[in-house]
Amino acid sequence: MSILTLNCGSSSLKYSVFDTVQGTFICRGLVERIGDRGSRLTQHYAQNETCLERDCPDHSAAVQLVLGVLTEDHDSPLADMNSIKAVGHRVVHGGEKFARSAKVTQELIRAVEQVAELAPLHNPPNLAGIRAAQELLPDIEHVAVFDTAFHQSMPPEAYIYPLPYEWYEKYGIRRYGFHGTSHLYVSTRAASLLGRAVEDLKIVTLHVGNGASAAAVSHGKSIDTSMGFTPLEGLVMGTRCGWIDPAIVLYVMEREKLDSNSMDRLLNKKSGVLGISGQFTDRRDILKGAHNGDRRCQLAIEIESRSLKKTIGSYAAAMGGLDCVVFTAGVGENSALIRAKALEDLSFLGIQLDTELNEQACGGQREELITTPASPVKVAVIPTNEELVIAEDTQAILQGSFCNQDRFRYSFE
Ligand code: ADP
């Protein structure tokens, strides 16, 4: 049985096909520049890379293109459309309504439309993908998998901001948190790597990519997370500022006569390590710059690592203990230096880093511990796999066997 996963962004569509019998992904692909001239599909299947340039004026055209490439040729990944038994859709914002993945129904679509205001860049393309796929594959089940769902277990003291309470009631202003599928996946895999039940552990998960967020996962549940009402809050990111004094925003807007759109752009696109370094978003460039003596690249690394370290400490405090820290995503999986700096001087918490193991754990698909065998608190590097969460949730819902506790007990890849 094959499950198609779709992750629609404003101008892109990432997809994969998961074979539930083999427990592996058959192929993965990406359509870029949707709605623009020169849309381009790239697909990896077996050892082959397929590249196609075909105008896709909207998401419907992109989904149609994907289905064609998946099924039409004799050497395509799937025999025909009937091979697809269900579609799992990534939906960024589920608001307060969805604490788990769910079948797509008219009611679900209405609920996702209602929270679209909270995620104007993400939910509309997610919905466009759902509608297009439903139209082209009307007879199979479609499932929505929400980035926010895993964090719905947070208690009010974690998600209510110290702001006028009416803003929560009137506008839904609260911490929602994002990257939920990733935090769920890596925390569950970390437990498996330790040979323990996730329900017995207190874990800090650090998803550090271009966007970055942390979660305090206590007994398998997210009890706090760093991204908030939007993905702008929290850790230092590639181009997003994360935690700052909100008074700065008002001060600069007034001084530089900026409107809210310009300020939004500065905070989301021109801040973070790009803002500090003045040059780079990509941490590989930052690390190279720092190595070559660029003071601001060095500062960017210090500030980013410090924000990770402070978050580990505060989440350990919030959980009343710590068993494991997990690093994942582009930077978390690849940068031994940023991991080492984030963990520096944390032996008082029980973290004893094995510097050699840390240096060795750089990329690849392996799940590894980078602490000494005697370290009371373990640190793991775990490649994230958000598509697997989408595919597994879709399969589970299809079979009516959805159960949080039973997921990712073993790795599929
Ligand atoms: P996103 O999905 O948010 O775009 P990713 O998880 O793909 O992000 O991570 C992208 C980030 O990972 C980039 O800033 C990139 O520089 C960083 N990265 C990738 N490889 C390395 C590496 N070897 N060392 C340091 N950073 C890396």
Side-chain angles (χ1 to χ4, degrees), residues 5 7-16 28-30 32 42 44 90 92 119 121-122 125-126 145 147 177-186 189 205-215 225-227 230-242 268-292 294 297-298 300-305 307-308 326-343 358-368 370 381-390:
T5 73
N7 176 356
C8 288
S10 54
S11 64
S12 70
L13 187 175
K14 283 189 203 149
Y15 65 96
S16 67
R28 294 175 196 264
L30 168 70
E32 294 165 282
T42 316
H44 294 271
R90 176 190 182 203
V92 168
L121 298 179
H122 295 103
N126 298 160
V145 180
D147 280 28
F178 299 89
H179 291 146
T181 46
S182 179
H183 291 294
L184 164 66
Y185 178 76
V186 299
R189 290 299 312 149
T205 48
L206 300 165
H207 176 113
V208 191
N210 199 17
S213 71
T225 190
S226 59
M227 282 179 170
T230 72
L232 181 60
E233 195 187 346
L235 303 170
V236 176
M237 301 178 226
T239 61
R240 286 175 235 157
C241 61
N268 274 291
K269 303 265 183 223
K270 299 285 177 191
S271 301
V273 296
L274 174 64
I276 303 164
S277 71
Q279 300 184 74
F280 308 120
T281 300
D282 195 306
R283 307 313 196 287
R284 285 167 289 201
D285 296 328
I286 296 276
L287 289 162
K288 202 156 127 200
H291 183 74
N292 292 334
D294 184 308
C297 286
Q298 290 167 357
I301 293 171
E302 296 301 329
I303 295 173
E304 177 167 28
S305 313
S307 96
L308 291 165
V326 185
F327 284 90
T328 193
V331 181
E333 290 167 32
N334 291 291
S335 177
L337 182 77
I338 292 177
R339 288 194 303 256
K341 282 191 172 294
L343 298 170
N358 183 40
E359 290 293 333
Q360 284 163 10
C362 286
Q365 284 305 304
R366 287 184 51 194
E367 299 175 339
E368 293 176 77
I370 57 169
V381 176
I382 298 190
T384 194
N385 197 340
E386 290 158 291
E387 274 145 4
L388 183 58
V389 180
I390 298 175

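The basis for the numbers below is simple: all heavy atoms, side chains too, and nothing from hydrogens, waters or symmetry mates. Both ligands and their constituent atoms are indexed starting at 1 by order of listing.
Within the 4.0 Å heavy-atom criterion, neither part of I338 lies near ligand 1.
Closest approach of G209 and A329 over heavy atoms only: N-CB, 3.8 Å.
The nearest protein atom to atom 20 (N) of ligand 1, hydrogens excluded, is given as N334 ND2, 3.5 Å; this is a heavy-atom distance. When only non-hydrogen protein atoms are considered, atom 25 (C) of ligand 1 lies nearest to L287 CD1, 3.6 Å. The protein non-hydrogen atom at the shortest distance from atom 26 (N) of ligand 1 is R283 CB, 3.6 Å.
Residue-ligand proximity, D282 to ligand 1, at heavy-atom distances under 4.0 Å covers atoms 14 (O), 15 (C), 16 (O). Heavy-atom proximity to A329, at under 4.0 Å, picks out these atoms of ligand 1: 6 (O).
Paired with R90 under the rule side chain to side chain contact (heavy atoms under 4.5 Å, CB included), one option of V145, T181, D147 passes, and it is D147.
At least one donor-acceptor pair closer than 3.5 Å links the side chain of Q298 to the backbone N or O of A290. The closest donor-acceptor contact from the side chain of N126 to the backbone of C8 lies under 3.5 Å.
For atom 7 (O) of ligand 1, no protein heavy-atom neighbour is present inside the 4.0 Å cut-off. Note that atom 16 (O) of ligand 1 has protein non-hydrogen atoms nearby, at separations under 4.0 angstrom.
Residue pairs meeting the side-chain hydrogen bond (donor to acceptor under 3.5 Å, both in side chains) criterion with at least one partner in residues 332-343, sequence neighbours excluded, are E302-K341, T328-E333, R339-N358.
Under the 3.5 Å distance criterion, with hydrogens and angles disregarded, no donor-acceptor pair is assigned to the side chains of T225 and H179.
Residue-to-ligand polar distances place G330 within reach of ligand 1: an N/O pair is separated by less than 3.5 Å. Below 3.5 Å of separation, one finds no N or O of S335 facing any N or O of ligand 1.
Using a 4.0 angstrom heavy-atom cutoff, G211 counts as in contact with ligand 1.
Summarising the contacts of atom 1 (P) of ligand 1 with D285, V208, N210, the nearest heavy atom is found in N210.
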Open item on the list: Could you go through R189 and E367, starting from their C-alpha distance and side-chain angles, then the distance that decides it, and tell me whether this counts as salt bridge (Lys or Arg N to Asp or Glu O under 4.0 Å)?
Closed with: CA-CA 8 Å; R189 290 299 312 149; E367 299 175 339; 2.9 Å; yes
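Classification of R283 and E304 as a salt-bridged pair holds, one side-chain N sitting under 4.0 Å from a carboxylate O.
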